[in-house]
Amino acid sequence: MKNILFASTALVAFAGAAAADVAISGSAEMGLKGDKTAGATQNTEFHTDISVTFTMSGETDNGLSFGASIGLEDGGSANGTASIATDDGSDDYTVFVAFGNARLTMGDTDGAFDAAMQEVNVVGGSINDAETSHAGFNGNAGLDGDALYDAQVATFQYSAASFTGYASVMLDDAGTNDPVFGIGAKYATDLGGASVTVGLGYQSNGMSGATKRDVWGVSAKAAMTNGITGAVNYSVANSGPTETKHTGIGVGYSMNNIGLGLNWGQYDVTGGGKRAGYGLAATYDLGGGMVAQFGYGANTDHTTAANADDSLWSLGVAMSF
């Protein structure tokens, strides 16, 4: 396999004046996971997952860089069948061109809102993302995954010193809805004892009534030299007449091979009660690309049926290649 890859890379290199590179990376997970829903017994099962990412990059004679990546994943589907990236957002695949500090990326990439905002799961992870699966977590996807649109996003970013600006567009393939436009900005600086990142973003489809979609938010994260990291984000989303406010807080500690992270979040929905929950992650780096991981997530607010007393956990190892 490697011989074929190297030969193919060499052919690409000699085909033009500038060389192109093709690289393969991968990851795998194995362990146990369980979930418990309100009034039900604990369910425990095995968890395995394998993913391979192909990354390609090159540069033109005048310094314009370009590239693409696509993922192949096995284990995520019920029958364990390998699935290559499709436009339903289930796998990541992107294509980009860049020059200097400017970059245009298209595909399953973050829109301006998501790219600028900071998440509150600041340390650690788990094999089934249990710590971010509770009803109060917000991954800041904004409108990127809105049901009215597909997963195709075009995002332009420009970096200058400590600032990075973003602008994005998402189209409705059916032509029924107006495009979603997004803007965002991120500022990152080193204050000596801490690295601080502040982000804010906005996305809107410019429509009204039942098809109205917009979201704005602000976030901040501070990673201190003593191993403590903290983050907070706040956002307000509108979907038709419904307004949803979200608040998220996260704190973590990492030192040597150990990582611990705790996050909490809550949604306040107009006329729909609250959804809240917390997540915990603990990791130990075994070296050589293997990490032992534990994750737990649970809902804490039961004012809506959709936010029942559910929980999710996992214990296993994650491998990177």
Side-chain angles (χ1 to χ4, degrees), residues 25-37 42-53 71-78 80 83 85 88-93 108-110 114-115 117-142 144-145 151 219 221 229 231 233 235 246 248-254 258-267 275-286 289-300 306-321:
S25 61
S27 63
E29 300 167 340
M30 64 180 295
L32 295 171
K33 64 180 179 180
D35 63 86
K36 183 180 183 301
T37 57
Q42 180 75 45
N43 176 45
T44 302
E45 58 184 299
F46 292 124
H47 172 92
T48 57
D49 186 72
I50 301 173
S51 63
V52 179
T53 300
L72 176 68
E73 185 167 2
D74 191 6
S77 58
S83 60
D88 64 359
S90 59
D91 293 281
D92 290 334
Y93 63 102
D108 276 346
T109 190
D110 293 338
D114 197 358
M117 292 282 287
Q118 305 299 297
E119 295 183 9
V120 298
N121 53 322
V122 292
V123 174
S126 62
I127 58 175
N128 67 339
D129 301 322
E131 76 284 358
T132 63
S133 299
H134 59 83
F137 186 79
N138 187 348
N140 299 324
D144 292 353
S219 64
K221 181 175 73 172
T229 301
N233 65 33
S235 62
H246 177 265
I249 301 172
V251 63
Y253 175 78
S254 58
I258 298 174
L260 299 170
L262 177 66
N263 72 83
W264 171 88
Q266 177 173 292
Y267 290 89
R275 306 193 309 271
Y278 68 92
L280 171 67
T283 63
Y284 185 83
D285 192 341
L286 300 168
M290 176 180 284
V291 180
Q293 298 181 332
F294 169 78
Y296 179 80
N299 301 337
T300 58
N307 190 33
D309 188 13
D310 299 345
S311 63
L312 189 69
W313 66 270
S314 66
L315 176 64
V317 292
M319 316 164 202
S320 59
F321 306 95

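Quantities reported herein were computed from a predicted structural model and do not represent experimental measurements.
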Shortest non-hydrogen contact between A130 and L312, atoms and distance: CB-O, 3.7 Å

Validation row: W313, L32 side chains within 4.5 angstrom (heavy atoms): yes

Nearest-0.5 Å distance that lies between atom CD in E29 and atom OG in S126: 8.0 Å

Closest contact, heavy atoms only, A282 versus L260: CB-CD2, 3.6 Å

Sub-4.5 Å side-chain heavy-atom contact between Q118 and N140: no

Close side-chain approach of E73 and D49, heavy atoms under 4.5 Å: yes

Atom of F137, atom of H246 and distance for their closest heavy-atom approach: C-NE2, 4.2 Å

Straight-line distance of D310 CG to D35 CG, nearest 0.5 Å: 8.0 Å

Nearest-0.5 Å distance that lies between atom CG in L262 and atom CD1 in I249: 10.0 Å

Between CZ on residue F294 and CG on residue L315, distance to nearest 0.5 Å: 7.0 Å

Taking every non-hydrogen atom, the tightest pair across E119 and G139: OE2-O, 3.0 Å

Sequence-distant partners of M319, side-chain contact (heavy atoms from CB on, under 4.5 Å), two or more places apart: A28, M30, M290, V317, F321

Donor-acceptor contact present, side-chain H47 to main-chain N128, <3.5 Å: no

Distance, nearest 0.5 Å, that separates OG1 of T44 from NZ of K33: 11.0 Å

Between CG on residue D285 and CD on residue Q293, distance to nearest 0.5 Å: 10.0 Å

Listed partners of V122 passing side-chain contact (heavy atoms from CB on, under 4.5 Å), at least two apart: K221, T229, A231

Main-chain N/O of N263 paired with N121 side-chain donor or acceptor, under 3.5 Å: no

Shortest non-hydrogen contact from N138 toward S235: ND2-OG, 3.5 Å

For the student: nearest non-hydrogen atoms of A281 and G125, plus distance: CB-N, 3.9 Å

